[in-house]
2 protein chains.
Amino acid sequence: MTRPVHRVAPATDTPVRQESLRAHNLSLTFRQIVGAAAPISRIELAVATGLTRPTISRIVDDLLAGGLIIEAGPARSGNSGRPRVGLTLAATGPAGLGLDIRVDTLSACVVDLTGAVRHLAFAPRPKTAAEALASLAEMGRAAMAAAAAEHLTVVGTTLAVPGPVEDGSIVRFAPVLGWRDVDAGAALRPALGPVTVDNDASLAALGELYASAPALRDFVCVSGEFDIGAGLVLGGALLRGARGWGGSLGHVAVDSDGPPCACGATGCLQHYAGLQQILPGAAPMPYSPAVAIDDLASAGNPEVLAALDRAGSALGVALSALINIIDVDTVLLGGSYSLLASWLIESVERELSRRVLTSGWAPVSVRPAPLGPDAAVMGAALSAIDQVRQDPNSWLARA
Amino acid sequence: MTRPVHRVAPATDTPVRQESLRAHNLSLTFRQIVGAAAPISRIELAVATGLTRPTISRIVDDLLAGGLIIEAGPARSGNSGRPRVGLTLAATGPAGLGLDIRVDTLSACVVDLTGAVRHLAFAPRPKTAAEALASLAEMGRAAMAAAAAEHLTVVGTTLAVPGPVEDGSIVRFAPVLGWRDVDAGAALRPALGPVTVDNDASLAALGELYASAPALRDFVCVSGEFDIGAGLVLGGALLRGARGWGGSLGHVAVDSDGPPCACGATGCLQHYAGLQQILPGAAPMPYSPAVAIDDLASAGNPEVLAALDRAGSALGVALSALINIIDVDTVLLGGSYSLLASWLIESVERELSRRVLTSGWAPVSVRPAPLGPDAAVMGAALSAIDQVRQDPNSWLARA
DNA sequence: AGGTTACGTCAACGTCTGTAACAAATTTGC
DNA sequence: GCAAATTTGTTACAGACGTTGACGTAACCT
């Protein structure tokens, strides 16, 4: 099985010719512009990249001609002399389209090169997979039209789904949707062109990564409405399992002798920290349960407060297992948990400090995820546009 | 904190000039020779790399001149025409030195470019850290002398220790050795030059990776005498946590309400699957307990058999957590567990098939680790020589 | 107005790979 | 037994790229 590749480095097992040389240096220069906090001048690019002024000039010309960057007016550097010309990412040109399917909401999102959200739409999820995919296709087309109206061209589309994905296209199973073996990529292709399908927890983590860059490099993003997933970012790169089927935090055993789970195992985290367990009777309807739980907890409801404490402890146990195996320094509580973070952080941190072997030397920070419940759809859009950000040559070759 | 880098790809944030181009293609070509099962000809290299015959010729000339490869006599290809000249890795030239500290054994190992073990020595471990390090320095010098006698030059030294390592040098704590805050890298430097210190579980996994290449790409290698560690390899690359402090499988919670552990938590895997738990009263003396346990199990001792079943189940629970988070398709039982694998595999597999969410689609194979208890010292030596295998330019620049 | 800094352009140079022709070594065919 | 065919490896030349250094222009400051 192949899986979508989110690579930063150019392939290392490919011969390089002279033109790859130019492509590499162009990509390097462009990434400097992407990573710069403010408009950056040619001189600064030359210093930052180690290339010479003439080379930078040529590269900048190509980037300007391709519409990837714009000259953003004089940007003063220091004291005297000709002012530097600031270069910034263009707000027109390539864009990424993200789609997301949650328990009862579909969403679509367009982001431009700068990472700004240019379009965001929601719709209720129809019952069947076919209807939901048709609806997503319609939302995607509308988003593309809205993008075109702002001189944006969608260069890549990613769909987030709550379940493991095979070959970047086939949803093997998504219990909360009632899906099994749905080839979502093939279904959307006629309307939207090639669509990469990926796990929502992974994409949410990518969303938090891109949105926070370059502050966060190593973290795990807990993500979940009813299924609890974990997206793992290490060294600024999303970590996928061998077959892309990782991230099932909800089925990590918290107590191997615990109660049975629908998955066939016993004592799964899902049973302690799932929204249904915190608020029994909560039907699958996203965020309303989280909001309801938040309200009850704020009102001091003792049962809900106790359930939240249990949930946080169980999350802490599962996260301790994760961090003992792959140490990260930050835990982001995302999805519905971002709304409940204030009720969970204390008990999560308590278990982490007890159970993480190196917590004495290297404390783990637990925080709500900045992007919250919409991280997945934004991460989907960002991961689509990120291909251009990492390799602008593909866009230049196209134009 | 920085950590040792095991990188395959050349830095992506560096400008490339013409000479980097040559360096890249040389490295690419050399890796093809490394990965080839049999001697490979220039023309085969051209096809494999995508470079042209003249370019390959130049690169091969450089590699021959640098002593990294040799012409291994005519190797017939097919029918007619000039015969191909086989090229193989030289058995002289650069070599890697590995050192290992276990509970009561020190070991040293030299491997050449081909991955062949050219020198392997053992010694008992002295009590104190200072004595042990002095002893290791002596073993290292002897190994270097033995290497020199066979026209080998040690280009890198790696030390494996049973505990988390900071900055590639400082052993924060190693309970089974009674070490705390020992700067092993600095202690060995005067005698051996720069030494990279690394975790033994990680190095054992690297050893299994290099020894099995290219068969295994994604696996976890359980490694342990008394501490249970996990080395994780994904996509042919060793996975380290953000701060290099991962791999503590022994302190993953199997039952969060279980008995207290020395680490301060409760229900750690260590308590169920540690050698002391399988054979109560087993003093820390490596492999003798494993051998003793194996003997008792073979004799049908019911208590030991029951303990082995409990240990396997607990291992299965912890590994299920790992695989649910980061899916790998293979589990290697290494260290002492390689000797007990036949008693453990069944119960480990039972728990995996129950608890791994995707086990129905993607079964996980559990096997004894081929290199067994010596994987760490061999992995240490291999990781040292692997720097040359990945980037032969460093050796050529030196010579 | 003169000094200062940023930027573009040009030519010469060195290095690399690719293309194309050439030399070497073996098998095949008569 | 000897020449042609075939495959492998090497040499010669052309094209592409970045670097160096120099010159010219533009835009700000004192």
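Only heavy atoms go into these numbers, but all of them, side chains included; no hydrogens, no water, no symmetry mates. We name chains A, B, ... by the order of the sequence lines, and we start the count at 1 in each one.
In this structure, B/T49 contributes its side chain and B/L45 its backbone to a donor-acceptor pair below 3.5 Å.
A distance of 12.5 Å separates OG1 of A/T153 from CG of A/L97, quoted to the nearest 0.5 Å. Note: A/I385 CD1 to A/T158 OG1 = 10.5 Å, rounded to the nearest 0.5 Å.
Using a cutoff of 4.0 Å between basic side-chain nitrogens and carboxylate oxygens, B/R389 and B/D386 are scored as salt-bridged. In summary, B/D218 and A/R240 do not engage in a salt bridge, as defined by a charged side-chain N under 4.0 Å from a carboxylate O.
Counting any heavy atom pair closer than 4.0 Å across all strands shown, B/R53 reaches a base atom.
Atom pair A/E19:CD and C/dG18:P shows a separation of 10 Å (rounding to whole Å applied). For the pair A/I56 CD1 and C/dA6 P, the interatomic distance rounds to 15 Å; values are reported in whole Å. Atom P of nucleotide C/dG18 and atom CG of B/L21 are separated by 9 Å, given to the nearest angstrom. Taking atom CD1 of residue B/I59 and atom P of nucleotide C/dG18, one finds them 9 Å apart after rounding to whole Å. For the pair B/R84 CZ and C/dA24 C1', the interatomic distance rounds to 16 Å; values are reported in whole Å. In this structure, the CD atom of B/E71 is 15 Å from the P atom of D/dT8, given to the nearest Å. Distance, A/D62 CG to D/dG18 P: 10 Å, rounded to whole Å. Rounded to a whole Å, the CZ atom of B/R22 is 18 Å from the P atom of D/dG18.
Among C/dC16, D/dA27, C/dC7, the nucleotide with an atom closest to any side-chain atom of A/V85 is C/dC7. In this structure, the nucleotide among C/dA6, D/dT19, C/dT19 sitting nearest to the side chain of A/T52 is D/dT19.
Between A/D61 and B/P54, the residue anchored closer to the 5' end of DNA chain C is A/D61, taking for each the nucleotide with the nearest heavy atom.
For the OP1/OP2 pair of D/dT10 and a distance below 4.0 Å, the side-chain nitrogens and oxygens of B/S57 include at least one atom meeting the criterion. The shortest distance between the side-chain N/O atoms of B/N25 and the OP1/OP2 oxygens of C/dC16 is not below 4.0 Å. For C/dG8, the OP1/OP2 oxygens have a side-chain nitrogen or oxygen of A/R42 closer than 4.0 Å. The side chain of A/S41 places no N or O atom within less than 4.0 Å of a non-bridging phosphate oxygen (OP1 or OP2) of C/dA6.
Contact annotation: side chain of B/R82 to base of D/dT8, donor-acceptor pair present below 3.5 Å.
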